[in-house]
Amino acid sequence: MKNEIKIISCKIAAELISKSLDRKLSLYEQASLESHLAICGACVSFLKHLNFLNKILPQYPQFIDNITPPAEELLSQESKIRIRKILRDKDFKNAGS
Amino acid sequence: MSKSNIISNPDHWVDHYSDSLFGFALTRIRNREAAENLVQETFLAALQAKEHFSGKSSEKTWLIGIMKHKIIDYFRHKYREIPATDLQTEEQAINAFFDRSEHFKKQPTHWSPQPREIVENGEFWKTFEKCLQKLPAQTAQAFTLREIDRIDHKKICKVLNISSTNLWVMLHRARLQLRHCLESNWFESYGPFLH
């Protein structure tokens, strides 16, 4: 392919930035993106932000222990009682078998 | 107790871990009843498997590991017969971030905090969860499986019963929207949601 690097819009650049998190860009895609980034500060920020989020998200805490969740995000008392009873019955059966 | 590497009495599990596990499931599957069932199923599976608990991780981490499998099974079952998310809706959502000449409507700005400052910040993660809630359920699920749980693309497509194109469009939409939401609600003020 001897086609020239096309000028791409921010919308296309954003797509390529997002794609680059999922797979390696082709040389042509990479060149188009780089020529866009050379003249577009907004897309440079966008690239930085996606990389930033990509880096921190696997560290999303499994439990946010220092914050009390709102009541609607807690298991209801009735459910706790029910689950506790099911566990007891089951554990008792296991012990007896 | 949660630090010990031996199994505590299952009777205590509900007191110690049920709210955390429930919150973990609720963020991912967004259905109270199903999340409650998953807590119960996780405890029952743990009861069956407690002899195999190696003690290498904490009891809490062990339970979360079991729950992650339960969540994958839940998605697999739920999406087996549900048609894929409407691609058009996702594409419209993507288009909404750009003007007619395909520039960002609202240009991304500079984020001053460093990743390491953010990771430890519980309020940031709360804001993140609120932003995640604003996405359609399946889009948020695809994003969570990929970006947080780091599950490979092929498996996500299988579990959510979607094509790879569909997954890519969902991930792109999620990234655009979350970035925007976090910028407006956190980075611009470097603080929690005000409402």
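Here is how names work: the chains are called A, B, and so on, in the same order as the sequence lines, proteins then strands, and each is numbered from 1. Side-chain atoms are counted along with the backbone in the values below, which use heavy atoms only and exclude waters and symmetry mates.
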> If we define contacts as heavy-atom pairs under 4.5 Å, which of Cys10(A), Cys40(A), Gly41(A), Ser9(A) has the most with chain B?
Cys10(A)
> What part of Arg146(B) gets closer than 4.5 Å to chain A, counting heavy atoms only: side chain, backbone, both or neither?
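Only the side chain of Arg146(B) comes within 4.5 Å of chain A.
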> Using atom types as modelled and distance alone, determine if a side-chain donor or acceptor of Glu102(B) lies under 3.5 Å from a backbone N or O of Ile12(A).
no
> Does a side chain donor of either Arg30(B) or Gln141(B) reach within less than 3.5 Å of an acceptor in the other side chain?
no
> Given a strict heavy-atom distance threshold of 4.5 Å, which part of Phe104(B) is in contact with chain A: side chain, backbone, both, or neither?
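Answer is both: backbone and side chain atoms of Phe104(B) are under 4.5 Å from chain A.
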> So which of Lys19(A), Lys55(A), Gln59(A) has the biggest tally of heavy-atom pairs under 4.5 Å with chain B?
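If we count pairs closer than 4.5 Å to chain B, Lys19(A) comes out on top.
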> By a 4.5 Å heavy-atom criterion (distance strictly below it), what part of Thr27(B) contacts chain A: side chain, backbone, both, or neither?
side chain
> At a heavy-atom separation under 4.5 Å, does Arg175(B) approach chain A through its side chain, its backbone, both, or neither?
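Both parts, backbone and side chain.
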> Cys131(B) and Cys181(B): disulfide (SG to SG under 2.5 Å), yes or no, with the steps?
CA-CA 6 Å; Cys131(B) 290; Cys181(B) 180; 2.1 Å; yes
> Using heavy-atom distances under 4.5 Å, tell me whether Leu26(B) contacts chain A through its side chain, its backbone, both, or neither.
side chain
> Does atom NZ of Lys158(B) have more than 12 heavy-atom neighbours, drawn from other residues, nucleotides or ligands, at distances under 6.0 Å?
no
> Of the backbone (N, CA, C, O) and the side chain (C-beta and beyond), which part of Leu182(B) lies under 4.5 Å from a heavy atom of chain A, both, or neither?
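The answer is the side chain of Leu182(B).
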> Identify which part of Phe46(A) has an atom lying under 4.5 Å from any heavy atom of chain B, answering side chain, backbone, both or neither.
both
> Ser35(A) side chain to Ala31(A) main-chain N or O, any donor-acceptor pair under 3.5 Å?
yes
> Return the option, out of Ile94(B), Val39(B), Thr109(B), with the maximum number of heavy-atom pairs under 4.5 Å with chain A.
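Sorted descending by pairs with chain A, the first entry is Thr109(B).
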> Non-hydrogen atoms of chain A under 4.5 Å away: do they reach the side chain of Lys105(B), the backbone, both or neither?
neither
> In terms of ring plane angle, is the pair Phe143(B) and Phe128(B) parallel, tilted or perpendicular, where the classes change at 30° and 60°?
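Answer is tilted, since the angle falls between 30° and 60°.
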> Are Lys80(A) and Asp15(B) within salt-bridge range, i.e. N to O under 4.0 Å?
no
> In terms of ring plane angle, is the pair Trp62(B) and Phe53(B) parallel, tilted or perpendicular, where the classes change at 30° and 60°?
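The arrangement is tilted - the two ring planes meet at 30° to 60°.
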> Checking His153(B) against chain A: side chain, backbone, both or neither under 4.5 Å from a heavy atom?
side chain
> Give the member of Leu21(A), Asp22(A), Asn54(A), Leu87(A) that has the highest number of heavy-atom pairs under 4.5 Å with chain B.
Asp22(A)
> Under a 4.5 Å heavy-atom cut-off, does chain B meet the side chain of Lys48(A), its backbone, both or neither?
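Answer is neither: Lys48(A) stays 4.5 Å or more from chain B.
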> Looking at chain A, which one of Val119(B), Leu176(B), Leu178(B), Asp149(B) has the largest number of heavy-atom pairs inside 4.5 Å, strictly under?
Val119(B)
> What part of Asn95(B) gets within 4.5 angstrom of chain A, counting heavy atoms only: side chain, backbone, both, or neither?
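Backbone plus side chain of Asn95(B), per the 4.5 Å heavy-atom cut-off to chain A.
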> Would you tell me whether Arg80(B) and His77(B) have side-chain atoms, one donor and one acceptor, within less than 3.5 Å of each other?
yes
> May I ask you to decide whether Glu129(B) forms a salt bridge with Lys126(B), counting only side-chain N to carboxylate O separations under 4.0 Å?
yes
> In plain terms, say whether Arg76(B) and Asp73(B) are close enough for a salt bridge, that is, a side-chain N and a carboxylate O under 4.0 Å apart.
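Counted as a salt bridge, because a side-chain N and a carboxylate O are separated by less than 4.0 Å.
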> Who wins among Ile17(A), Ile81(A), Leu57(A) for the most heavy-atom pairs under 4.5 Å with chain B?
Leu57(A)
> Check this for me, if you would: do Glu183(B) and Arg179(B) make a salt bridge, where the nitrogen-to-carboxylate-oxygen distance has to be below 4.0 angstrom?
yes
> At a heavy-atom separation under 4.5 Å, does Arg28(B) approach chain A through its side chain, its backbone, both, or neither?
side chain
> Tell me, do Val159(B) and Ile151(B) make a side-chain contact under 4.5 Å, heavy atoms counted?
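Sidechains of Ile151(B) and Val159(B): no contact.
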> Any idea which of Phe97(B), Phe98(B), Trp111(B) has the most non-hydrogen atom pairs under 4.5 angstrom with chain A?
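Greatest number of close heavy-atom pairs with chain A: Trp111(B).
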> Between His49(A), Lys11(A), Arg23(A), Arg84(A), which shows the greatest number of heavy-atom pairs under 4.5 Å with chain B?
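Highest number of pairs under 4.5 Å: His49(A).
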> For Phe124(B), is it the side chain, the backbone, both, or neither that has a heavy atom closer than 4.5 Å to a heavy atom of chain A?
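Side chain only.
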> Does any heavy atom of chain B fall under 4.5 Å from the side chain of Ile56(A), the backbone, both, or neither of them?
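For Ile56(A), the contact with chain B is made by backbone and side chain together.
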> Is a side-chain donor-acceptor pair under 3.5 Å present for Gln30(A) with Glu34(A)?
yes
> Is Trp168(B) close to chain A through its backbone or its side chain, or both, or neither, when contacts mean heavy atoms under 4.5 Å?
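Just its side chain gets close to chain A.
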